[in-house]
Amino acid sequence: MIIMSVLPQSFYNNNTLKIAQALLGCFLVRKFSDGKTRRFKIVETEAYHGPLDRASHASRGRTPRNAVMFGEAGIIYVYFTYGMYNMLNVVTGPENYPAAILIRAVEPYVKCQRLNVKCRFDGPGRLTKALKIDRAFNGLPIFKKKHGLWIESRKEELKPARIARAARVGVDYAGAYKDKLWRFYIKDSGFVSRH
DNA sequence: CACTAGATTTTCT
DNA sequence: GAAAATCTAGTGG
């Protein structure tokens, strides 16, 4: 009997780069409106870290859109971009320090033949579409099961040697920050968005 | 395989 | 009005 444990708010109140790696191998859990619950292993994340990070929405100050990034840890930040895609993030660090982690890719935990074959999870826009995550989740806590979206701890060890580090995707405009190695993924996962 | 253009709309300047 | 933390479909080698 495996005890499921939902990651508590305190888990997210830490250094963004550490949490981005600690989330790899954890489970993103979604309870759909039809009552079915499915688990997905997190295999790729990116850190958006602090007011100086030019790749981050928070680098140009607080706006209505990015306000939750300045709030407490463990809150969901979903924004809409490219006219088409929602991006799923989790706020990290202390209040008034704008930081968040973008969840870029997950893999199905159990065999998912029942899932629509068209569903893909390797990319931030794809996974929100597949998991039916939209801006209604913005500002909700991810450390409670109440809203149908939460994260559970790993069920087995993830050796540091299996974690790869790379530059973030789609942030060429970010000056010196575009080359920061703030993207993390599990090397041997077949569901990473890029290798 | 590499590269390019187009989709489509919110957000901020 | 331009750009955007993306993805797809198309072309060409």
Of A:M84 and A:R135, whose closest DNA chain B nucleotide lies nearer the 5' terminus?
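Residue closer to the 5' terminus by nearest nucleotide: A:M84.
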
If you only use heavy atoms from C-beta on, which nucleotide in [options] is closest to the side chain of [X]?
{"X": "A:R60", "options": "C:dA5, B:dT13, C:dT8", "value": "B:dT13"}
{"X": "A:S56", "options": "C:dA5, C:dC7, B:dT13", "value": "C:dA5"}
{"X": "A:P64", "options": "B:dC12, C:dA5, B:dT10", "value": "B:dC12"}
{"X": "A:F80", "options": "C:dT8, B:dT10, C:dT6", "value": "B:dT10"}

Starting from [atom2] on [N], measure out to [atom1] on [X] and report it in whole angstrom.
{"X": "A:R62", "N": "B:dT13", "atom1": "CZ", "atom2": "C1'", "result": "20 Å"}
{"X": "A:D172", "N": "C:dA2", "atom1": "CG", "atom2": "C1'", "result": "17 Å"}
{"X": "A:R126", "N": "C:dT8", "atom1": "CZ", "atom2": "P", "result": "4 Å"}
{"X": "A:R54", "N": "B:dC12", "atom1": "CZ", "atom2": "P", "result": "17 Å"}
{"X": "A:R168", "N": "C:dA4", "atom1": "CZ", "atom2": "C1'", "result": "15 Å"}
{"X": "A:K129", "N": "C:dC7", "atom1": "NZ", "atom2": "P", "result": "11 Å"}
{"X": "A:I103", "N": "C:dT6", "atom1": "CD1", "atom2": "C1'", "result": "17 Å"}
{"X": "A:L102", "N": "C:dA5", "atom1": "CG", "atom2": "C1'", "result": "6 Å"}

Check whether the ring centres of A:F121 and A:F40 lie less than 6.0 Å apart, and answer yes or no.
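Here the rings of A:F40 and A:F121 have centres that are less than 6.0 Å from each other.
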
Give a yes/no verdict on a cation-pi contact between A:R54 and A:Y177, requiring under 6.0 Å between NZ or CZ and the six-membered ring centre and an angle within 45° of the axis.
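The answer is no; the distance or angle limit is not met.
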
When you compare the ring of A:Y48 with the six-membered ring of C:dA5's base, are the centres less than 5.5 Å apart and the planes under 30° from each other?
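Whether judged by distance or by angle, A:Y48 passes, so it stacks on the base of C:dA5.
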
Looking across every strand, which nucleic acid part, if any, lies under 4.0 Å from A:R65 by heavy atom: base, sugar-phosphate, or nothing?
sugar-phosphate

If you look at every strand shown and take non-hydrogen atoms under 4.0 Å, does A:G125 touch a base, only sugar-phosphate, or nothing?
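Sugar-phosphate, backbone atoms only, no base.
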
Side chain A:Y85 and base C:dA5 donor-acceptor under 3.5 Å:
no

Under the side chain to side chain donor-acceptor pair (under 3.5 Å) rule, what pairs show up with a residue in residues 179-194 of chain A, not counting sequence neighbours?
A:E44-A:R183, A:E44-A:S193, A:R104-A:S193, A:E107-A:S189, A:R162-A:D188

Just jot down the salt bridge (charged side-chain N to carboxylate O under 4.0 Å, His left out) partners of A:D122, sequence neighbours excluded, or say none.
A:R120, A:R126

In Watson-Crick or G-U wobble terms, with both distances under 3.5 Å, the base opposite C:dA5 is none

Under a 3.5 Å limit for both distances, which nucleotide forms a Watson-Crick or G-U wobble pair with B:dT8, could you say?
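In the structure as shown, B:dT8 has no Watson-Crick or wobble partner.
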
If we take the P atom in both C:dA3 and B:dA5, what is their distance in whole Å?
15 Å

So, does A:H57 get its side chain near the phosphate of C:dA5, meaning an N or O under 4.0 Å from OP1 or OP2?
yes

Considering only NZ, NE, NH1 and NH2 on the basic side and carboxylate oxygens on the acidic side, decide whether A:R168 and A:D53 come within less than 4.0 Å.
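Yes, charged N to carboxylate O under 4.0 Å.
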
Are the side chain of A:N15 and the backbone of A:K18 linked by a donor-acceptor contact shorter than 3.5 Å?
yes

